[in-house]
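What follows is a single structure, written as structure tokens, with notes after it.
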Amino acid sequence: MRRAILQKFILVLFGALILNGLIFYMVGSRVILNSSTRDMLYMLEVLDGSLDYEGDLAETMKKLDPLMDGNNSRLTVIKMDGTVLADTQAQMDELDNHLDRKEVQDAIQTGSGYARRRSDTLNEGMLYVAYRSKNADVILRAAVPYSGFQQYLPLFFPASALSLLVAVVGSFIVTTRLVSSITKPLQDIAKEMLKVKGDYTELNFEHCQYPEINVIADTTMKMSKNVKDYLNQIEKERMIRQEFFSNASHELKTPITSIQGYAELLESGMIQDEATKADFASRIKKEAVRMTGLINDILMISRLESKEAEVTFSDVRISVLLEEIVDSLKPQAAEAQVFIHVDCQPLMIHANLQQMRELLTNLISNAVKYNRPGGQVWVNIRETDGQMVIRVKDNGVGIPSDSLDRIFERFYRVDKGRSRKQGGTGLGLSIVKHIVNFYHGTIHVSSEPDIGSEFTVFLPMNGEKG
């Protein structure tokens with residue numbers, strides 16, 4: 001990169017110098033041409049006032065010959081029809097008619113004119129300047145050898161060569177430092193990235209004077225942080241899956257062990273008492289129901305996560321559904337001596353009936369389970385700004401602050417002993433969270449130990465699902 005930048009910079013520099021030289025040459029040539037033309041016109045204007053056109057013009061022209069410095073400069077007097085009256089360097093019979101000369105034509109039309117061309121008489125490049133006399137009906141024309149800017153090149157070449165050398169050397173030094181100031185931060189970024197051995201938080205770049213490179217450094221650090229967060233998320237999900245399988249195995253093993261134990265006792269014939277047999281059968285059924293509920297909850301979470309299962313939507317009347325759920329929970333609430341208060345607007349939401357049933361059942365049943373005798377549960381459902389807002393509040397045992405971030409995890413229990421006693425699987429709030437996410441809603445929880453908890457769910461009334 002360093003060599004490529006230097007090479008391109010030197011090429012650009014040479015190109016700029018050559019272009020600058022061409023422009024200088026063209027402008028200089030034009031300036032010299034204009035200056036020479038003005039000087040010669042001034043001279044012709046002076047001569048026009050001093051020539052005696054009524055006398056011996058040829059003799060007068062001979063006297064002017066020394067004034068032309070003997071350098072092939074010449075003065076010509078031309079009639080308006082192009083006939084040469086006199087010339088300081090040639091005989092009249094040697095000269096053609098000059099009417100077709102450009103400078104003569106311009107002088108006839110505008111009063112003055114000039115042209116550059118090679119003289120056939122003198123065999124060298126000449127500058128011709130013509131002036132229409134104000135004292136006679138003639139054209140005065142002066143001709144001088146003219147090479148333009150080329151005659152000054154020997155004078156300018158040493159200075160130009162020296163300035164070119166100084167420019168190249170100076171530019172090379174400046175470019176080298178500039179390239180170093182650009183490539184060094186990039187090299188530092190590369191070296192810093194090579195030091196990474198899996199810990200993406202190790203990246204640390206010093207800011208340089210170029211914002212663009214700082215953007216690269218900042219972007220690299222952000223990408224590193226994103227990769228670190230992504231790896232942490234993957235690790236967290238791996239641990240959650242591992243914990244899920246471990247908990248699921250444990251939760252399934254417990255009822256299976258109970259069922260197996262009771263079944264073996266019944267099969268052995270040791271139990272003869274019919275009441276005991278009926279109790280064992282009831283226990284087996286209870287454990288089977290618990291295991292079925294656990295499996296159903298796991299399957300529901302799996303369907304909500306995969307979003308592959310086809311979900312049937314319909315217009316769900318929330319007030320009717322809520323009344324059914326509260327009626328089904330009355331025995332549980334009566335046993336726990338908890339009172340449920342319901343305040344629900346007659347709302348209708350386009351959703352899956354079973355999902356809405358699971359959402360409300362889990363929230364209300366949790367409020368009943370984790371309460372105390374004489375406790376209260378308040379269920380309030382309203383429509384606000386196109387959203388259905390569900391609030392379930394209780395004055396039960398509450399949730400410790402260090403558990404608030406984990407209550408939506410699968411199989412997480414704040415009070416494991418109480419949860420198992422109440423028959424919970426630890427999947428209820430996880431199902432609630434998945435259903436809320438399925439409908440692109442949000443859920444918030446606030447709680448204080450021994451004071452109570454409040455869950456607030458926001459679901460779009462007509463939002464997209466899945």
Side-chain angles (χ1 to χ4, degrees), residues 233 240 297 300-307 309-326 328-329 340-371 376-410 412 414 424 426-448 451-466:
Q233 182 66 24
I240 290 174
D297 287 348
M300 174 167 282
I301 290 178
S302 177
R303 287 194 298 268
L304 289 169
E305 285 184 340
S306 65
K307 300 179 181 179
E310 184 176 348
V311 179
T312 303
F313 296 98
S314 62
D315 292 330
V316 180
R317 297 173 62 187
I318 297 299
S319 58
V320 175
L321 176 62
L322 181 60
E323 184 178 352
E324 294 176 1
I325 293 171
V326 171
S328 68
L329 292 175
I340 302 176
H341 307 278
V342 175
D343 182 11
C344 178
Q345 285 183 340
L347 301 178
M348 185 176 292
I349 183 172
H350 191 70
N352 178 262
L353 176 61
Q354 184 58 29
Q355 289 178 350
M356 292 298 102
R357 187 186 303 276
E358 288 285 340
L359 173 67
L360 293 171
T361 300
N362 280 302
L363 287 175
I364 300 173
S365 64
N366 272 1
V368 173
K369 286 179 186 178
Y370 301 103
N371 215 312
Q376 310 283 327
V377 175
W378 295 272
V379 181
N380 183 283
I381 301 179
R382 290 282 185 275
E383 180 182 358
T384 303
D385 297 330
Q387 290 185 314
M388 182 174 70
V389 182
I390 304 170
R391 287 186 173 88
V392 178
K393 182 180 179 180
D394 66 74
N395 58 352
V397 297
I399 304 170
S401 58
D402 58 349
S403 297
L404 285 175
D405 293 336
R406 299 196 61 190
I407 58 175
F408 295 106
E409 294 179 10
R410 288 167 288 194
Y412 182 79
V414 177
L427 294 175
L429 288 180
S430 181
I431 291 174
V432 169
K433 181 70 172 178
H434 279 79
I435 292 174
V436 171
N437 289 340
F438 182 81
Y439 288 90
H440 302 296
T442 57
I443 182 169
H444 304 285
V445 57
S446 60
S447 181
E448 292 186 35
I451 294 180
S453 305
E454 181 176 4
F455 288 81
T456 306
V457 176
F458 297 87
L459 292 180
M461 297 292 292
N462 297 306
E464 294 183 359
K465 285 81 176 175

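Since we're looking at a predicted model, the values are computed, not measured. Below, each value reflects all heavy atoms present in this structure, side chains not excepted, and no hydrogens, waters or symmetry copies.
- With rounding to the nearest 0.5 angstrom, the OG atom of Ser365 is 8.0 Å from the CG atom of Leu363.
- Relative orientation of the Phe313 and Tyr439 rings is perpendicular, given thresholds of 30° and 60° on the angle between their planes.
- With values rounded to the nearest 0.5 angstrom, Leu321 atom CG is found 9.0 Å from Met356 atom CE.
- A search for ring-ring contact (aromatic ring centres under 6.0 Å, His included) contacts involving Phe408 returns nothing, not counting sequence neighbours.
- Under the side-chain hydrogen bond (donor to acceptor under 3.5 Å, both in side chains) criterion, Asp402 pairs with no residue at all, not counting sequence neighbours.
- Shortest non-hydrogen contact noted between Asp315 and Met348 is CB-SD, 3.5 Å.
- The salt bridge (Lys or Arg N to Asp or Glu O under 4.0 Å) analysis of residues 433-446, with sequence neighbours excluded, yields no pairs.
- Taking each heavy atom of Asn371 and Gly396 in turn, the nearest pair found is OD1-CA, 3.4 Å.
- Atom CD of Gln345 is surrounded by more than 12 heavy atoms from other residues, nucleotides or ligands within 6.0 Å.
- Looking at Ile364 and Leu322, their side chains come closer than 4.5 Å, going by heavy atoms from C-beta outward.
- Smallest separation of non-hydrogen atoms from Gly452 and Ser447: O-OG, 3.2 Å.
- Closest non-hydrogen pair, Cys344 versus Ser319, comes out as SG-CA, 3.8 Å.
- Counting only residues at least two apart or in different chains, salt bridge (Lys or Arg N to Asp or Glu O under 4.0 Å) contacts with residues 345-362 comprise Glu324-Arg357.
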Practice task
Show your reasoning for whether side-chain contact (heavy atoms from CB on, under 4.5 Å) applies to Gln354 and Thr312.
Solution key: CA-CA 9 Å; Gln354 184 58 29; Thr312 303; over 6 Å; no
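- Taking CG of Leu459 as the reference point, atom CD1 of Ile443 lies at 9.0 Å (rounded to 0.5 Å).
- Atom NE2 of His444 and atom CD of Glu454 lie 11.5 Å apart (nearest 0.5 Å).
- Separating the CG atom in Leu429 from the CG atom in Asn366 is a distance of 4.5 Å, to the nearest 0.5 Å.
- Around the CD atom of Glu448, the shell of radius 6.0 Å holds no more than 12 heavy atoms that belong to other residues, nucleotides or ligands.
- Expressed to the nearest 0.5 Å, how far CG of Leu360 lies from CD1 of Ile390 amounts to 5.0 Å.
- Every pair passing side chain to side chain donor-acceptor pair (under 3.5 Å) that includes a residue from residues 378-398 is listed here, sequence neighbours excluded: Asp343-Asn380, Asp343-Arg382.
- The two residues Val392 and Ala367 come nearest to each other via the heavy atoms CG1-CB, 4.0 Å.
- Every residue meeting the side-chain hydrogen bond (donor to acceptor under 3.5 Å, both in side chains) condition with Gln376, not counting sequence neighbours, appears here in chain and number order: His341.
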